[in-house]
Structure formats: C-alpha cells, structure tokens
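Accompanying notes for the structure given below.
This is a predicted model, so every value here is computed, not measured.
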Amino acid sequence: MVQHIQLIETNRLMLREFQEVDAPAFYELNSYPDVLKYTGDLPFQSLQETRDFISNYDHYKNYGFGRWAVLLKESEECIGWCGLKFNEEKTVDLGFRLLPQHWNRGYASEAALKCLEIGFKHYHLKEIVARADKNNGASHRVLEKIGMKLKGKGMCDGIPDALFYSIDSSSFLS
C-alpha cells in the first residue's frame, strides 16, 4: 500500500489528517442547516460525539487516504474538510464541506483540485467520482470547475436526486 500523506499544501491552504483539535470546527460545521441541507447527514449531537468520530476515523489506516481537515495557511484555522473516500460502490469519492463564512472564496475548488492531483499522482487512482444533490448548485460549480464531468443521476446516501460526476487519471493528467 502507498504511504499516506501527512500534510498537503496549496497556495492558501493546508490539508492534513483529522486531529482532535478539529472537533470544535467540525461540530460547528455540522451545526449549520445550510451546510447539511444537501448531504443527508445529521448534525453531531455533542462535541464528544465529534471527538469520537475523529478518533474512530480509520480511512487513513485502511486506504492510505481519506477526508482531510482544511486549514487556512496564514492562521491555521480549520475551516472544514476535503478529500477522498472509498465508498460503498467501491469507487473513490471526492467530497468537501466548508464553514459558510469561507464560502465563495475559491477554497473548495483549490482543495478539491489538490485532492484530485494527490489521488492520481500519489495513490495512482484510475478514476475519482463525486456525488451531489441536484439542487446543490455551489457543489456542481466546484466539480465542473475542477474538470469533473456529469455522468448520471440517481439515489445516493439517502439523497434521491443526486448527480454523479467523474474524472479519470488520463483526462486529469493530460
């Protein structure tokens, strides 16, 4: 298995494995109805539940990659997460979620593009997929901006009208 990466940097961001120090930001992130609106997820019930989620997150150990905490380089403030996830369809899924006060600044696109690069160049993935509720225009814009193509629609994680995107390594690396 390929060794997992401890720290990923972009021009403005750092991405790293989840740490307990991220619990307050993740708890806050999942407390916003607008953040969870299109996800099918429920808010964390407590800060301790958030800590338990982080301490039990085993994707790095199992697959070498996972969702990564997204931090602003200049302040090291945790503003959400972005990364790759081996999903129930046995594909690798790109996902992202940021605190609302950091929306519309290009952070999601910057982090997501770097995650695609890491997935293809470091983990040698052949394809990465993404799924988003059909009404989640902001996520669709990010996915299209980073070069992902719409492939279909259907049910996904309790979301009845999800749109499915994908990009393969040859398209991304060319």
(request) Establish, from distance only, whether the side-chain atoms of S171 and D168 form a donor-acceptor pair under 3.5 Å. (result) yes
(message) Same cluster or not: F26 versus M14, using hydrophobic residues (I, L, V, M, F, W, Y) connected whenever any side-chain heavy atoms lie under 4.5 Å apart?
(response) no
(message) Less than 4.5 Å apart, side chain to side chain, heavy atoms only: is that true for L163 and R131?
(response) no
(request) Would you check if F164 and L150 make a side-chain contact, meaning some heavy-atom pair closer than 4.5 Å? (result) no
(request) To the nearest 0.5 angstrom, please state how far the CG atom of L36 sits from the CZ atom of R97. (result) 5.5 Å
(message) Is it the case that the ring center of Y60 lies less than 6.0 angstrom away from the ring center of Y57?
(response) yes
(message) Quick check on the hydrophobic clustering: are L84 and V129 connected, directly or via other members, by side-chain heavy-atom contacts under 4.5 Å?
(response) no
Hey, can you pull the donor-acceptor pairs under 3.5 Å for the side chains in residues 67-74, sequence neighbours left out?
| unit_1 | atom_1 | unit_2 | atom_2 | d |
| --- | --- | --- | --- | --- |
| R67 | NH1 | G83 | O | 2.8 |
| R67 | NH1 | D93 | O | 3.1 |
| R67 | NH2 | D93 | OD2 | 3.1 |
| K73 | NZ | E9 | OE1 | 3.3 |
| K73 | NZ | T10 | O | 2.7 |

(message) Contact between L13 and L15 at the side-chain level, heavy atoms closer than 4.5 Å - yes or no?
(response) yes
(message) Classify the ring geometry of Y107 against H102: parallel below 30°, tilted from 30° to 60°, perpendicular beyond 60°.
(response) tilted
(message) Has H140 got a side-chain atom pairing as donor or acceptor with D133's backbone, closer than 3.5 angstrom?
(response) yes
(request) Hey, could you give me the CD1/CD1 distance between I128 and I146, rounded to the nearest 0.5 Å? (result) 8.5 Å
(message) To the nearest 0.5 Å, what is the distance between CG on L143 and CG on N136?
(response) 8.5 Å
(message) Under a plain distance cut-off of 3.5 Å, with no hydrogens placed, do N56 and D52 share a side-chain donor-acceptor pair?
(response) no
(message) Please report the interatomic distance CG(L125) to CG(L94), rounded to the nearest 0.5 Å.
(response) 11.0 Å
(message) I'd like to know whether CD of E20 has more than 12 heavy-atom contacts from other residues, nucleotides or ligands below 6.0 angstrom.
(response) no
(message) Distance check, rounded to the nearest 0.5 Å: I167 atom CD1 versus K151 atom NZ?
(response) 9.5 Å
(message) Could you check whether any side-chain N or O of N87 sits under 3.5 Å from a backbone N or O of T91, counting only pairs where one atom can act as donor and the other as acceptor?
(response) yes
(message) Quick check: do S139 and F96 have side-chain heavy atoms less than 4.5 Å from each other?
(response) yes
(message) Less than 6.0 angstrom separating the ring centers of F86 and Y63, yes or no?
(response) yes
(message) Do R51 and I54 have side chains that approach each other closer than 4.5 Å (heavy atoms only, starting at C-beta)?
(response) no
(message) Could you check whether atom CG of N104 has more than 12 heavy atoms from other residues, nucleotides or ligands sitting under 6.0 Å from it?
(response) no
(request) Answer yes or no: is there a donor N or O on one side and an acceptor on the other, between the side chain of T39 and the main chain of V35, under 3.5 Å? (result) no
(request) May I ask you to check whether H122 and F65 place their ring centers less than 6.0 Å from one another? (result) no
(message) With a 4.5 Å cut-off on side-chain heavy-atom distances among I, L, V, M, F, W and Y, is there a chain of contacts connecting V92 to L173?
(response) yes
(request) Answer yes or no: is there a donor N or O on one side and an acceptor on the other, between the side chain of E49 and the main chain of Q45, under 3.5 Å? (result) yes
(request) Go through the side-chain N and O atoms of E144 and Y165 and say whether any donor and acceptor fall under 3.5 Å apart. (result) yes
(message) Check whether E110 reaches the backbone of R12 with its side chain - one donor and one acceptor, N or O, closer than 3.5 Å.
(response) yes
(request) Evaluate the ring pair (Phe, Tyr, Trp, His ring centres under 6.0 Å) criterion for residues Y27 and F44: first the C-alpha distance (whole Å), next the side-chain angles of each, then the deciding distance (0.1 Å), finally the verdict. (result) CA-CA 6 Å; Y27 180 73; F44 289 117; 7.2 Å; no
(request) Could you grab the distance from atom SG of C82 to atom NZ of K114, nearest 0.5 Å is fine? (result) 12.0 Å
